[in-house]
Chemist: 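To start, I am sharing the structure in question, which I have written as structure tokens.
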There are 2 protein chains.
Amino acid sequence: MSANSRLTIAAHALAWIGLYQRQGHEVATSEQIATSANTNPVVIRRLLGELRRAGLVESRRGAGAGWSLARELGSITLLDVYEAVEPGPLFAMHRTTPDPGCVVGHGIQPAMRGIYQDIEETLRHELARITLEKVLEDVLAAPRLPL
Amino acid sequence: MSANSRLTIAAHALAWIGLYQRQGHEVATSEQIATSANTNPVVIRRLLGELRRAGLVESRRGAGAGWSLARELGSITLLDVYEAVEPGPLFAMHRTTPDPGCVVGHGIQPAMRGIYQDIEETLRHELARITLEKVLEDVLAAPRLPL
DNA sequence: GACCGTCGTAACGGTAATGGTTACGGCAGG
DNA sequence: CCTGCCGTAACCATTACCGTTACGACGGTC
């Protein structure tokens, strides 16, 4: 599967904003987050834009502009982030319609659809168990590199 | 996520071979399966080649060649198929190393790795619960189209 | 009202995965 | 020898993702 890093980067950004705000700052800029994630500010703005549409963050424009959390880290789950940044289903059906004259070709799509729905439901349940608060805790629990 | 249909097509092929063998045939050809799945025989041969490497099917060459199951459908799970055809992890880390001088940049990868491992473990557990026998049952349970 | 920093977004290009297609050598039974 | 199918390489089109540049819009500050 061509895995992508959208969920990872989005979680990174949220954790960064959350920690920054706890240090007393009002807003975080896409450039600051991009520096931490070692990527381009536009990539961050694009992702945060999707998170804003999902109601997870807010943005301020003009002077002193930047991003802030719309909810506490403890009330945001990885499922919220996943739904905001990952549009499609986990597994896809055939690109073209299977032969409806074949028993297998006719029944395979309803069969797999049901199976995939159950699996995705389980995945969503797992993602919903993990809050961004927990992610930040795990981040801060990482051992320091030895000098 | 750019979902792919590899698992779907592989399950389709296995169900087709299994049903064909129950109808008394020895081997199935990639062309027969490709017709049912409405795709190209080479696509089927590529996928079945990966399933063969995983010990799920066998192929015969020469005259009267084709594919047969190496195991009963009831002993093959979607996890077996998933592992055979889906190499990478579900979610990826950053493409470039995050800033190790930043607290979040330093701790995010260990944190997400642990979380993703748990999630993938759950996914694998779910996939392991579903046998290809069950898939074929679901396929055959699909209602006929009304004339 | 001008200035400045940042957002918002369009546009383009590189990279990689997927899958459709053609081609061709190799194998084995008739 | 002939034939049918596997096995695999090669190529191309499509798509997603991400990095990058560019530029207009906005809203505080001076």
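Within every chain, numbering begins at 1; the chains are lettered A, B, ... in the order of the sequence lines, protein sequences first and strands thereafter.
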Chemist: Under 4.0 Å between a side-chain N or O of A:T29 and OP1 or OP2 of C:dT6?
Modeler: no
Chemist: Expressed as a whole number of angstroms, how long is the span from A:I33:CD1 to D:dC18:P?
Modeler: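 The distance from CD1 of A:I33 to P of D:dC18 comes to 16 Å, rounded to the nearest Å.
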Chemist: Without decimals, in angstroms, what is the distance between B:Q32 CD and D:dC5 C1'?
Modeler: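 Atom-to-atom, B:Q32 to D:dC5, this comes out as 11 Å.
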Chemist: What integer distance in Å separates A:N40:CG from C:dC12:C1'?
Modeler: 13 Å
Chemist: In whole Å, what is the span from the CD atom of B:E26 to the P atom of D:dC6?
Modeler: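 Taking atom P of D:dC6 as the reference, CD of B:E26 is at 15 Å.
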Chemist: Near A:E137 CD, under 6.0 Å, is it more than 12 heavy atoms from other residues, nucleotides or ligands?
Modeler: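 More than 12 heavy atoms, drawn from other residues, nucleotides or ligands, come within 6.0 Å of this atom.
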Chemist: Under 4.0 Å: is that the gap between some side-chain N or O of B:S5 and OP1 or OP2 of C:dG19?
Modeler: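 True: B:S5 side-chain N/O within range (under 4.0 Å) of C:dG19 OP1/OP2.
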Chemist: Taking atom C1' of D:dC17 as reference, at what distance in whole Å does atom CE of B:M93 sit?
Modeler: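 Taking CE of B:M93 and C1' of D:dC17, I get 17 Å after rounding.
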Chemist: Could you say whether B:A28 or B:T96 is positioned toward the 5' end of DNA chain D, judged by the nucleotide with the nearest heavy atom to each?
Modeler: B:A28
Chemist: Spell out, yes or no, whether B:V27 and B:L14 are grouped together once hydrophobic residues are joined by side-chain heavy atoms under 4.5 Å, including indirect joins.
Modeler: no
Chemist: Atom CD of A:E31 and atom P of C:dC4: how far apart are they, to the nearest Å?
Modeler: 17 Å
Chemist: Just N and O in the side chain of A:N4: are any of them under 4.0 Å from OP1 or OP2 of D:dA16?
Modeler: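 No, no such contact exists.
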Chemist: Tell me the interatomic distance from B:R6, atom CZ, to C:dG20, atom P, rounded to whole angstroms.
Modeler: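 So the CZ-P distance, B:R6 to C:dG20, works out to 11 Å.
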Chemist: Considering heavy-atom distances to DNA chain C, does B:R95 or B:P41 have its closest nucleotide positioned more toward the 5' end?
Modeler: B:R95
Chemist: Without hydrogens or angle criteria, can the side chains of A:T77 and A:Y82 be said to hold a donor-acceptor pair below 3.5 Å?
Modeler: no
Chemist: For DNA chain D, which residues in residues 43-64 of chain A have a heavy atom at a distance below 4.0 Å?
Modeler: A:V43, A:R45, A:R46, A:R61, A:G62, A:A63
Chemist: Does the side chain of B:L78 reach to within under 4.5 Å of the side chain of B:T131, using non-hydrogen atoms?
Modeler: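 No, too far: nothing below the 4.5 Å cut-off.
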Chemist: Taking A:L123 as the starting point, is it possible to reach A:M93 by hopping between hydrophobic residues whose side chains are less than 4.5 Å apart?
Modeler: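 Per the 4.5 Å side-chain linkage, A:M93 and A:L123 are co-clustered.
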Chemist: Return the value, rounded to whole Å, for the distance between atom NE2 of B:H94 and atom P of D:dC18.
Modeler: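 Rounding to the nearest Å, NE2 of B:H94 and P of D:dC18 are 11 Å apart.
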Chemist: Can you classify the ring geometry of B:H12 versus A:H94 as parallel (below 30°), tilted (30 to 60°) or perpendicular (above 60°)?
Modeler: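 Perpendicular: the ring planes of B:H12 and A:H94 meet at over 60°.
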Chemist: Scan residues 12-33 of chain B for pairs that pass salt bridge (Lys or Arg N to Asp or Glu O under 4.0 Å), counting only residues two or more places apart or in two chains.
Modeler: B:R22-B:E133, B:E26-B:R60
